[in-house]
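To start, the structure itself, in structure tokens.
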Amino acid sequence: LPSALRLRGGVVVLASQTRALFASRDGGATFSAWPAAPPTAVAKILELPNGRLLALGEGGATILPAP
């Protein structure tokens, strides 16, 4: 899991190199798969001002919906 991010709203997001995203709404105690997975591996995720995520990786940049 190369990238982890705590969003302004408190949700913790993990991104994997296998194109999977996981979100936790309880401070990281539990995680669930997030269906808005990017098309390629992710090296870094960033939160945009509008709450959406920017996933950066081998396929370039992909904008994902807010969790």
Side-chain angles (χ1 to χ4, degrees):
L1 299 169
S3 188
L5 177 66
R6 179 181 290 273
L7 304 179
R8 288 185 298 273
V11 175
V12 177
V13 178
L14 303 177
S16 79
Q17 293 180 335
T18 61
R19 298 175 287 184
L21 294 176
F22 303 94
S24 172
R25 289 175 168 62
D26 58 8
T30 61
F31 285 87
S32 58
W34 182 20
T40 61
V42 174
K44 183 75 174 171
I45 50 175
L46 304 168
E47 184 176 16
L48 298 173
N50 63 4
R52 294 168 74 185
L53 298 181
L54 179 63
L56 304 169
E58 66 185 7
T62 303
I63 295 178
L64 302 171

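Quick note: numbers below take in every heavy atom, side chains included, and nothing from hydrogens, waters or symmetry partners.
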Minimum heavy-atom separation for [X] to [Y], with atom names?
X     : Y     : result
Arg6  : Gly27 : NH2-O, 4.2 Å
Ala29 : Ser24 : N-OG, 3.9 Å
Pro67 : Gly51 : CD-O, 4.4 Å
Pro2  : Ala15 : CD-O, 3.0 Å

Do [X] and [Y] sit in the same hydrophobic cluster, where Ile, Leu, Val, Met, Phe, Trp and Tyr count as joined when their side-chain heavy atoms come under 4.5 Å apart?
X     : Y     : value
Phe22 : Trp34 : no
Phe31 : Leu1  : yes
Leu64 : Val42 : yes

Approximate separation, where rounding is to 0.5 Å, of Thr40 OG1 and Arg19 CZ | 8.0 Å
Approximate separation, where rounding is to 0.5 Å, of Leu53 CG and Ile63 CD1 | 10.0 Å
Is a side-chain donor or acceptor of Ser3 paired with a backbone partner of Ile45 at a separation under 3.5 angstrom?
-> yes
What residue among Val11, Leu7, Val13 forms side-chain contact (heavy atoms from CB on, under 4.5 Å) with Glu47?
-> Leu7
